[in-house]
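Convention: sequence-line order gives letters A, B, ...; per-chain numbering from 1.
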2 protein chains.
Amino acid sequence: MPVDECEVKKVDAGRVAAIRGLIDAADATRLAELFKLLGDPTRARILYALLEAGEMCVCDIGETVEIPESTASHALRLLRTAGIVRNRRDGRMVHYSLDDAHVRMLLDLSLQHLRHDQGSGQ
Amino acid sequence: MPVDECEVKKVDAGRVAAIRGLIDAADATRLAELFKLLGDPTRARILYALLEAGEMCVCDIGETVEIPESTASHALRLLRTAGIVRNRRDGRMVHYSLDDAHVRMLLDLSLQHLRHDQGSGQ
DNA sequence: CCGATATCTGTACAGGTATGCAGATATCTA
DNA sequence: TAGATATCTGCATACCTGTACAGATATCGG
């Protein structure tokens with residue numbers, strides 16, 4: 001058998017190894033978790049609403065996104081646990097707002113993506 | 001508090017209506033679909049690999065991400081359908097690369113987020 | 001045309017998860 | 001303290017989706 005150790009016909013084994021080292025699976029998984037949180041229509045609507053409004057109570061969020069408040073609460077908990085939003089208690093109301101500069105930039109960037117062109121890149 | 005038309009105890013009905021008009025549900029859903037595609041560890045690893053490598057064939061992608069090539073092919077199809085990656089046929093091999101400037105920026109931004117230089121911006 | 005290589009597709013299964021109702025908890029007002 | 005308001009949590013369910021095996025398709029070398 002030729003040059004390779006045993007089996008495969010790798011096109012560019014060196015590059016494969018190099019790229020593999022740049023982003024390990026754990027990092028990619030963490031990044032995916034972040035995007036996954038933004039990848040739900042309900043949570044996305046909540047986040048874009050907060051991006052515009054700055055701060056909203058659960059009840060107004062539910063009204064804005066047109067979902068029951070319990071659903072909003074569930075969604076907000078996930079976002080808060082991930083450090084994407086923060087909450088501020090004011091009496092019996094809890095106000096939520098974005099709490100991550102990078103996420104805010106991601107949301108802005110994605111809005112540009114939406115408003116610019118949707119189908120074809122350049 | 002001004003009296004509402006009928007039912008609820010809305011805290012700020014005007015703001016709710018205003019925010020609701022800024023991003024409608026359809027837009028948010030489309031944005032969520034984009035993030036959802038980035039929100040899978042396998043697809044994320046593929047995208048970050050392409051971000052670094054520029055262009056890779058399916059076989060090297062599978063090797064880099066350590067998945068069967070059929071899994072890579074499935075993932076790449078979703079990404080291609082969404083306009084996130086493009087493919088270039090070269091003989092019996094197909095080379096994939098990123099095909100969306102905004103997505104490339106999203107990936108870069110998320111890498112910054114990962115590297116945790118948070119605190120800039122507001 | 002034939003065999004080999006590279007990629008794609010059909011399909012089935014497993015695991016995850018978004019959702020909302022009902023009830024629990026916290027806070028305010030009187 | 002009692003009652004009302006705002007939010008949270010437990011749970012059940014239905015839906016979605018990532019995965020990979022096996023086979024189909026496309027392309028190349030000769």
Side-chain angles (χ1 to χ4, degrees), chain A residues 1-2 4 7-13 16 25 28-29 32-33 35-47 55-82 85-97, chain B residues 1 4 7-13 16 25 28-29 32-47 55-82 85-97:
Chain A
M1 283 287 107
D4 272 322
E7 331 105 328
V8 271
K9 67 292 139 144
K10 278 308 94 211
V11 169
D12 196 336
V16 165
T29 297
E33 308 252 355
F35 284 124
K36 199 181 298 180
L37 285 169
L38 311 183
D40 173 72
T42 297
R43 289 192 296 267
R45 277 198 282 173
I46 290 174
L47 291 173
E55 198 181 55
M56 290 180 104
C57 66
V58 177
C59 133
D60 279 2
I61 290 172
E63 188 73 8
T64 302
V65 182
E66 299 173 285
I67 52 174
E69 294 171 18
S70 78
T71 300
S73 187
H74 280 299
L76 288 165
R77 172 146 82 137
L78 289 177
L79 296 171
R80 187 164 56 81
T81 299
V85 302
R86 61 173 280 141
N87 59 357
R88 174 179 69 82
R89 175 141 232 150
D90 178 25
R92 65 196 106 168
M93 289 202 271
V94 180
H95 298 270
Y96 282 83
S97 55
Chain B
M1 286 296 294
D4 273 320
E7 335 109 324
V8 272
K9 68 291 130 149
K10 279 307 95 215
V11 170
D12 196 337
V16 166
T29 297
E33 307 252 354
L34 169 63
F35 283 124
K36 197 180 300 181
L37 284 170
L38 311 183
D40 172 72
T42 297
R43 288 193 294 267
R45 277 198 281 172
I46 291 175
L47 291 173
E55 198 182 56
M56 290 179 103
C57 66
V58 177
C59 133
D60 279 1
I61 290 172
E63 188 73 9
T64 302
V65 182
E66 299 173 285
I67 52 174
E69 295 172 18
S70 79
T71 301
S73 187
H74 278 298
L76 288 165
R77 171 145 83 138
L78 289 177
L79 296 171
R80 188 164 57 81
T81 300
V85 302
R86 59 173 282 144
N87 58 358
R88 176 178 68 83
R89 174 141 233 151
D90 178 26
R92 65 196 106 168
M93 288 201 270
V94 179
H95 298 269
Y96 282 82
S97 55

*Asks:* Phosphate oxygens OP1/OP2 of D/dC16: is one of them under 4.0 Å from a side-chain N or O of B/K36?
*Replies:*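 It does not, given that no N or O in the side chain of B/K36 lies less than 4.0 Å from OP1 or OP2 of D/dC16.
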*Asks:* Would you say the side chain of A/L37 lies within less than 4.5 Å of the side chain of A/E33, judging by non-hydrogen atoms?
*Replies:*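 SC-SC contact between A/E33 and A/L37 ruled out.
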*Asks:* How far does CG of B/L38 sit from CZ of B/R43, to the nearest 0.5 angstrom?
*Replies:*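 With rounding to 0.5 Å, CG (B/L38) is 8.5 Å from CZ (B/R43).
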*Asks:* Taking atom P of C/dT27 as reference, at what distance in whole Å does atom NE2 of A/H95 sit?
*Replies:*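 Value for this atom pair: 14 Å.
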*Asks:* Could you state the interatomic distance from CG (B/L34) to CZ (A/F35), rounded to the nearest 0.5 Å?
*Replies:*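 B/L34 CG to A/F35 CZ: 8.5 Å, rounded to 0.5 Å.
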*Asks:* Below 3.5 Å, does any donor atom in the side chain of B/H74 face an acceptor in the base of D/dA20, or the other way round?
*Replies:*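 Such a pair exists between side chain and base.
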*Asks:* For the atom pair NE2 (A/H95) and SG (A/C59), what is the distance rounded to the nearest 0.5 Å?
*Replies:*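 Between atom NE2 of A/H95 and atom SG of A/C59 there are 9.5 Å.
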*Asks:* Determine whether A/L76 and A/N87 satisfy the following criterion, side chain to side chain contact (heavy atoms under 4.5 Å, CB included), listing intermediate values before the conclusion.
*Replies:* CA-CA 9 Å; A/L76 288 165; A/N87 59 357; over 6 Å; no
*Asks:* Does A/T71 have a side-chain nitrogen or oxygen under 4.0 Å from the phosphate oxygens OP1 or OP2 of C/dT19?
*Replies:*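 No, A/T71 has no side-chain N/O under 4.0 Å of OP1/OP2 on C/dT19.
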*Asks:* How close or far is atom P of C/dA18 from atom CG of A/L79, stated in whole angstroms?
*Replies:*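 Going from A/L79 (CG) to C/dA18 (P), I get 10 Å.
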*Asks:* Taking the minimum atom-to-atom distance to the side chain of A/D40, which one of C/dG20, C/dT19, D/dT17 wins?
*Replies:*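 Out of C/dG20, C/dT19, D/dT17, the nucleotide with an atom closest to A/D40's side chain is C/dT19.
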*Asks:* Given the rule that a pair is Watson-Crick or G-U wobble with both distances under 3.5 Å, how would you write DNA chain D in dot-bracket, using | for pairs to a different strand?
*Replies:* ||||||||||||||||||||||||||||||
*Asks:* Write down the distance between CD (B/E66) and C1' (D/dA20), rounded to a whole number of angstrom.
*Replies:*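 Atom-to-atom, B/E66 to D/dA20, this comes out as 16 Å.
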*Asks:* Does a side-chain heavy-atom distance below 4.5 Å link A/H74 with A/L78?
*Replies:*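 A side-chain contact is absent here, since even the closest heavy-atom pair is not under 4.5 Å.
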*Asks:* Rounded to whole angstrom units, what separation is found between the CG atom of A/N87 and the P atom of D/dC8?
*Replies:*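 In whole Å, D/dC8 P and A/N87 CG are 7 Å from each other.
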*Asks:* Quick check on C/dT19: is either OP1 or OP2 less than 4.0 Å from any side-chain nitrogen or oxygen of A/T42?
*Replies:*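 So the side chain of A/T42 is within the cut-off, an N or O lying under 4.0 Å from OP1 or OP2 of C/dT19.
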*Asks:* May I ask you to say what A/L78 touches in the nucleic acid, namely base, sugar-phosphate or nothing, with a heavy-atom cut-off under 4.0 Å?
*Replies:*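 Since only primed, P, OP1 and OP2 atoms lie under 4.0 Å of A/L78, the category is sugar-phosphate.
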*Asks:* If I take atom CZ in residue B/R45 and atom P in nucleotide D/dG18, what distance separates them, rounded to the nearest angstrom?
*Replies:*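 After rounding, the gap between these two atoms is 14 Å.
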*Asks:* Checking contacts here: which listed nucleotide (D/dA20, D/dT17, C/dG20) is nearest the side-chain heavy atoms of A/P68?
*Replies:*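 Nearest to the side-chain atoms of A/P68, counting from C-beta on, is C/dG20.
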*Asks:* Measuring from B/T42:OG1 to B/L47:CG, what's the distance to the nearest 0.5 Å?
*Replies:*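 Answer rounded to 0.5 Å: 11.0 Å.
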*Asks:* Does a side-chain N or O from A/Y96 land closer than 4.0 Å to OP1 or OP2 of D/dC8, or not?
*Replies:*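 Checking D/dC8 against A/Y96, a side-chain N or O does come within under 4.0 Å of OP1 or OP2.
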*Asks:* Would you indicate, yes or no, if D/dT9 has its OP1 or OP2 atom less than 4.0 angstrom from a side-chain nitrogen or oxygen of A/S73?
*Replies:*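 Indeed not, no polar side-chain atom of A/S73 lies that close.
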*Asks:* So how far is it from B/I61 CD1 to B/E55 CD, rounded to the nearest 0.5 Å?
*Replies:*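 The CD1 atom of B/I61 sits 9.5 Å away from the CD atom of B/E55.
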*Asks:* Of the nucleotides D/dG29, C/dA22, C/dC8, which has the atom closest to the B/R92 side chain?
*Replies:*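 Nearest to the side-chain atoms of B/R92, counting from C-beta on, is D/dG29.
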*Asks:* Without decimals, in angstroms, what is the distance between A/E63 CD and D/dA6 P?
*Replies:*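 So the two atoms are 12 Å apart, to the nearest Å.
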*Asks:* Between A/R80 and A/M93, name the one whose nearest nucleotide on DNA chain D is closer to the 5' end.
*Replies:*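 In this pair, the answer is A/M93.
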*Asks:* With nearest nucleotides of DNA chain D determined for B/S70 and A/D60 from heavy-atom distances, which residue corresponds to the more 5′ nucleotide?
*Replies:*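 With B/S70 and A/D60 compared, the 5'-side residue is A/D60.
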*Asks:* Measure the distance from CD on A/E33 to C1' on C/dT17 and round it to the nearest whole Å.
*Replies:*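 Interatomic distance, CD of A/E33 to C1' of C/dT17: 13 Å.
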*Asks:* Establish, with yes or no, whether the OP1 or OP2 oxygen of D/dC8 is under 4.0 angstrom from a side-chain nitrogen or oxygen of A/R77.
*Replies:*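 Negative; the distance criterion is not met.
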*Asks:* Looking at B/R89, does any N or O in its side chain come under 4.0 Å of the phosphate oxygens OP1/OP2 on D/dA26?
*Replies:*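 No, no such contact exists.
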*Asks:* Rounding to a whole Å, what distance do you find between A/D90:CG and C/dT27:P?
*Replies:*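 Whole-Å distance recorded here is 12 Å.
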